[in-house]
J.: 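Dumping the structure here so I can ask a few things about it.
Each ligand, and each atom within it, is numbered from 1 in the order the structure gives.
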Amino acid sequence: MNGIPAIPVPVNEPVFSYEPGSPERAELEAELEAQASEVVDIPLVIGGEEVRTGDTFDVVMPHDHGHVLARAHRAGPDEIRRAVAAARDAHRAWSTARWDDRAAVFLKVADLLAGPWRQRLNAATMLGQSKNPYQAEIDSACEIIDFFRFGAHFAEQIYAMQPISDPGVWNRSEYRALEGFVYAVSPFNFTAIGANLPGTPAMMGNVVVWKPASSAMLSSYLVMKLFEEAGLPPGVINMVAGDAVRITNELMTDQDFAGVHFTGSTGVFRSFWKTIGDHIGEYRSYPRIVGETGGKDFIWAHPSADPDAVRTAIVRGAFEYQGQKCSAASRAYVPASMWAELEGPLVEETASLTMGDVRDFSNFLNAVIDRNAFDKIVGYIDDARASDDAEVLVGGESDDSVGWFVRPTIIRALKPDYVTMCDEIFGPVMTVYVYDDNAWEETLDLVDSTSPYALTGAIFARDRRVIRMATDRLDQAAGNFYVNDKPTGAVVGQQPFGGSRASGTNDKAGSMMNLLRWVSARSIKENFVPPTDYRYPFLESE
Ligand code: NAD
């Protein structure tokens with residue numbers, strides 16, 4: 001009973017290779033086949049109970065949209081209220097539960113996922129969100145494992161932050177859970193974000209109502225089952241699906257709404273902030289508002305940069321997972337001298353990228369998430385074709401007959417504020433602006449001012465003075481800044497992730513900074529020898 005538990009020191013989960021003949025490849029293939037041959041019935045999970053309303057929507061494979069993977073039940077007003085009530089009921093016991101018990105649940109999630117659950121969740125992520133094996137592995141296996149192992153380690157450090165004490169007094173800090181429930185709203189593009197948004201506040205003792213993205217319901221449901229398998233008590237995390245606006249309006253007008261943990265687009269987050277502002281007088285506490293939102297992530301190359309490194313960063317940074325990472329590179333600034341030798345190989349390499357079903361492991365790209373995304377991306381490409389200010393250099397073809405496929409596309413913008421240099425497209429579209437070599441310093445101003453976002457960005461140069469100047473000039477242009485590397489692929493514990501400006505509150509997912517948002521400190525002063533006379537010495541007469 002008595003002891004101060006020590007969280008095992010975390011290291012990043014190794015990434016499996018899935019090379020032909022490897023055991024993980026065989027296991028993943030078997031799991032893909034099994035999951036593709038069933039239709040999962042996905043309930044709401046409220047107070048540990050599976051709730052079915054009968055009002056369902058289809059979850060399909062984006063690369064084969066005629067194939068229904070699951071049917072998910074929608075919550076109505078009654079279920080939404082029940083989810084809040086279940087969270088409320090679980091609050092007392094969970095928020096006062098021992099830290100080692102809470103930590104054990106999430107350390108167990110990590111270990112189950114590192115072992116027996118790994119390929120279940122990877123296969124669901126591949127089929128439901130159209131990821132290749134490597135993209136699934138770094139997301140639904142490694143990043144979730146890292147979130148919880150590192151999260152427990154950071155939480156331990158937070159709890160150990162204690163104040164000093166004068167003689168006769170003992171001061172302590174308690175890191176309480178928030179009073180009320182946290183609303184977690186997750187995007188489609190990372191299963192790991194789906195696990196982290198409800199999981200991290202819960203690890204810190206909070207109760208949660210979680211609304212996953214409708215297109216990521218299959219992997220999200222498995223994450224929910226994994227939490228339960230690891231021993232999370234009923235009601236601590238409640239999963240609801242359905243009409244996002246209705247769910248949000250119901251939850252954000254409840255007096256016990258204590259915070260929102262959101263990742264998704266900028267417009268949705270702004271609407272949340274506005275709703276919270278409109279109801280600010282009605283809550284028990286000021287809600288914590290944490291949101292990681294859109295990006296327009298850049299690659300800037302200096303004439304001294306290595307063109308092969310720039311080309312590889314563009315191809316991987318812009319096209320992996322079809323450009324549907326918030327960190328995906330989508331605008332590049334290349335000096336004219338380099339462009340002369342870069343254009344040919346870049347176009348050729350982009351044209352050679354393989355694309356298709358996730359179950360064919362030779363595909364580098366798969367499909368974009370849904371019809372809306374497909375239409376939006378194709379719209380930008382069509383506009384570029386018709387514009388005098390842009391030129392489509394490679395790609396641009398699309399085919400939605402079987403899946404929502406868009407070929408990786410490179411647009412050359414003839415003016416630096418052409419629309420695809422500014423807007424977040426969230427698809428496999430890279431726009432390049434070629435600048436005069438002598439104007440490299442002014443181009444840094446363009447990088448900084450062209451878009452409202454500030455999520456990720458990369459600079460490429462060999463000249464050390466240039467690296468220093470660009471790093472300083474772009475100090476507010478990206479929350480994750482890369483030197484001679486692509487701007488994607490942040491790793492928990494290594495590059496805490498998040499951006500500012502229109503990209504979010506920059507609370508750095510997976511770091512101690514994020515965990516601090518989910519606690520409310522109480523300072524306790526205990527006086528061992530309390531004074532027994534109100535008079536201070538200065539009051540005495542001489
Ligand atoms: P989205 O904003 O469409 O959806 C995110 C979540 O919000 C989903 O659960 C959705 O159902 C819900 N939602 C949508 N509209 C809503 C509304 N009006 N009211 C209440 N809830 C609503 O985003 P998405 O398409 O799932 O994800 C892509 C976006 O997420 C991109 O903008 C991307 O940049 C961003 N993103 C950011 C980060 C980051 O760390 N900064 C990470 C991943 C994704």
J.: Among C326, P212, A509, A328, which one puts a heavy atom closest to atom 38 (C) of ligand 1?
T.: C326

J.: Okay, side chain of E320, backbone of Q135: is any donor-acceptor separation there less than 3.5 Å?
T.: no

J.: Does some side-chain heavy atom of R284 sit less than 4.5 Å from a side-chain heavy atom of Q255?
T.: yes

J.: Show me which atoms of ligand 1 lie under 4.0 Å from any heavy atom of T248.
T.: 20 (C), 21 (N)

J.: Under a heavy-atom criterion of less than 4.0 Å, does F269 contact ligand 1?
T.: no

J.: Checking contacts here: is it the side chain or the backbone of T293 that comes within 4.0 Å of ligand 1, counting heavy atoms only? Could be both or neither.
T.: backbone

J.: Before you tell me yes or no, could you show the steps for F262 and F272 under ring-ring contact (aromatic ring centres under 6.0 Å, His included), namely the whole-Å CA-CA distance, both residues' side-chain angles and the distance that decides it to 0.1 Å?
T.: CA-CA 9 Å; F262 174 76; F272 285 3; 5.0 Å; yes

J.: So which heavy atom in the protein is nearest atom 28 (C) of ligand 1, and how far is it from that ligand atom?
T.: F426 CE2, 3.5 Å

J.: Should the pair R71-D41 be classified as a salt bridge under the 4.0 Å nitrogen-to-oxygen rule?
T.: no

J.: Under 30°, 30 to 60°, or over 60°: which ring-plane class applies to W404 and H65, parallel, tilted or perpendicular?
T.: tilted

J.: Give a yes or no on whether atom 4 (O) of ligand 1 lies under 4.0 Å from any heavy atom of the protein.
T.: no

J.: Using a 4.0 Å heavy-atom cut-off, say whether S214 meets ligand 1 through its side chain, its backbone, both or neither.
T.: neither

J.: Once you measure the plane-to-plane angle for Y18 and F16, does it fall in the parallel (<30°), tilted (30-60°) or perpendicular (>60°) bin?
T.: tilted

J.: Regarding atom 6 (C) of ligand 1: of the candidates A241, A184, S186, which has the closest heavy atom?
T.: S186

J.: Under a 4.0 angstrom heavy-atom cut-off, which atoms of ligand 1 come close to K211?
T.: 9 (O), 10 (C), 11 (O)

J.: Which of the atoms of ligand 1 are close to V185, meaning less than 4.0 Å from one of its heavy atoms?
T.: 6 (C), 7 (O), 9 (O), 12 (C)

J.: Determine, for E137 against R118, whether the closest basic-nitrogen to carboxylate-oxygen distance falls under 4.0 angstrom.
T.: yes

J.: May I ask you to establish whether K376 and F426 are in a cation-pi arrangement, using a distance under 6.0 Å from NZ or CZ to the six-membered ring centre and at most 45° from the ring axis?
T.: no

J.: Note the single closest protein heavy atom to atom 13 (N) of ligand 1, along with its residue, its atom name and the distance in Å.
T.: A244 CB, 3.8 Å

